[in-house]
Amino acid sequence: MHLPISRRKFLSLGAGLVTTVALPRISYSDEKHISEYELVAAPTESPIVGEDYPETAVLSYNSSVPGPEIRLKQGDRLRVTLLNRIDQETTVHWHGIRLPNAMDGVPYLTQAPVAPGETFTYEFDLPDAGTFWYHPHVNSSEQVGRGLYGALIVEEPEVLQRSDSLEPIYQRELTWILDDWRFDQTATIQPFGVGHDASHGGRIGNVVTINGRLPQPLRVRSGERLRLRLINAANARHFALVFEGHSPHIIAIDGQPTVPHSPDDDTVVLAPAMRTDLLLDMSAEPGSKTRIIDSFYRDPYLLNEIVYSSETALRTSFPDPVALPGNPLSEPDLANAHRYDILFAGGAMGGMRGALVNGRWKDIRSMVNSGLVWAINGVAASSHELKPSLTLQRDKTYIFSLQNDTVFPHPIHLHGHHFRVIRRNKKPTKHREWQDTVLVQAREQVDIAFVADNPGDWMFHCHIPEHMEAGMMSVVRVV
Ligand code: C2O
Ligand code: CU
């Protein structure tokens, strides 16, 4: 990775930059369990790379990047009033939340876009505990890329304790929102809308941040067990995290609990928009240091350090991790499933000849002239004003067989539902994970299964916004 900002700078910052965001909660009613928030989308300046550089002009919710962490309990109701103070239309999409279609935040499809100066109130219940996030669904490459995103944490209703010892299942939890930025030497965000990004791997930046700042060392005590909630808010950067000398347990993916397990090669892979909850056993010696390396791309780099205090270890061995309580998801009925093959095509070196655009065949050259380079089942979407490409019957089980016929990885996201990832290249997956976004590697085939139990028109798209905005999106209707 080429960083215009030197490695030394990256590592020399002290711990003084941790920002806490004032909780904008305006009211909480105990009877109705409604949490009410206000989110103001507005331009602001933020010291993303620290005090040695000018502050960066960003877009933010409530003047901070990331926006405020919204935190409530499973079963609660959330009411959020969005006030748009940026100079473009916007919306808020509640990524991964199974909510009524009208609250999904997709312009034209589920609501009118919110014009500058206008407000929109979202209100819905939170059926699932887990790690979710929110972001706009208008001009996403730029709006998310300039800093509009935040965490939405839905806590389990009870304090999680081990049944054998009544000990909590972790001692401490942290949320890390990963992002990257494409900066010049003055920490100014470089222009959006680069054609090469759209036709290749998306907009990949040159500075990686955690919670909107250069990574600050993770300070721990030996013997602690941490719950680390990772959220990948980057437009296009994938992460493959190695916690040297540690063996993380994955306990949830995209908010949904999974059987606690170590990932393959002890490497935690996060495609854009994905979340992973880890239990991290701080098993190294007091006073030691270890590294967190991101090895997704050819040149691995140091993402962050773990710094152990000199305090004596709380313990030296860790009990087996306990699974989180499950969420109320409908189990797919695979024996009676209807299967659809879904082909993702296009992009540089993809060899696509053309696709249907607004119902008309266009060859690849005229597609490119209108900014389109990708297609799903032969259709390139030119806006969110889409007719459904599939109509699903409510409460029936569907298998989507996703075939990536391109040379780039694509994180494919379905709104309003979670699905089980059941097969990769025809081989059953070990954990049949519930996810809302699945990484489909170049030339890979991934089968997902779900019950279409949420009526409405739902986006189904690649979560790299440069791909989505260049054709890789569609709409699935549940009736
Ligand atoms: Cu994270 Cu269509 O959304
Ligand atoms: Cu893509």
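For ligands, and for the atoms within them, numbers begin at 1 and follow the listed sequence. When reading the values below, keep in mind they use all heavy atoms of this one structure, side chains included, and skip hydrogens, waters and symmetry mates. It should be emphasised that the depicted structure is a prediction, and the values quoted were computed from it without experimental measurement.
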Checklist entry - Does any N, O or S atom of His95, backbone or side chain, fall under 2.8 Å from atom 2 (Cu) of ligand 1? => result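 For His95, the answer is no, given that no N, O or S atom comes within less than 2.8 Å of atom 2 (Cu) of ligand 1.
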
Next on the checklist: Under 2.8 Å from atom 2 (Cu) of ligand 1 - does any N, O or S atom of His93 fall there?
Outcome noted: no

Checklist entry - Looking at His415, which of its N, O or S atoms is the nearest one to atom 2 (Cu) of ligand 1? => result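 The closest N, O or S atom of His415 to atom 2 (Cu) of ligand 1 is NE2.
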
Item to check | Which atom of His137 approaches atom 2 (Cu) of ligand 1 most closely (N/O/S) | outcome: NE2

Item to check | Of the N, O or S atoms in His410, the one nearest the Cu ion (ligand 2) | outcome: ND1

Item to check | Name of the His467 atom (N/O/S only) found closest to the Cu ion (ligand 2) | outcome: ND1

First locate atom [atom1] of [X], then atom [atom2] of [Y], and finally report the distance between them rounded to the nearest 0.5 Å.
X	Y	atom1	atom2	value
Arg477	Lys387	CZ	NZ	10.5 Å
Leu226	Leu278	CG	CG	10.0 Å
Thr175	Ile210	OG1	CD1	12.0 Å

Item to check | Check: His467 ring centroid to His461 ring centroid under 6.0 Å | outcome: no

Checklist entry - Counting backbone and side chain alike, does His463 bring an N/O/S atom below 2.8 Å of the Cu ion (ligand 2)? => result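 No - counting backbone and side chain alike, His463 has no N, O or S atom under 2.8 Å.
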
Item to check | Metal site angle (apex atom 1 (Cu) of ligand 1), NE2 from His135 and NE2 from His463, 10 degrees | outcome: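 Result: 110°, to 10°.
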
Checklist entry - Parallel, tilted or perpendicular: which describes the rings of Trp181 and Phe183, with under 30° parallel and over 60° perpendicular? => result parallel

Next on the checklist: Can you tell me how the ring of His431 sits relative to the ring of His261, calling it parallel under 30°, perpendicular over 60° and tilted otherwise?
Outcome noted: parallel

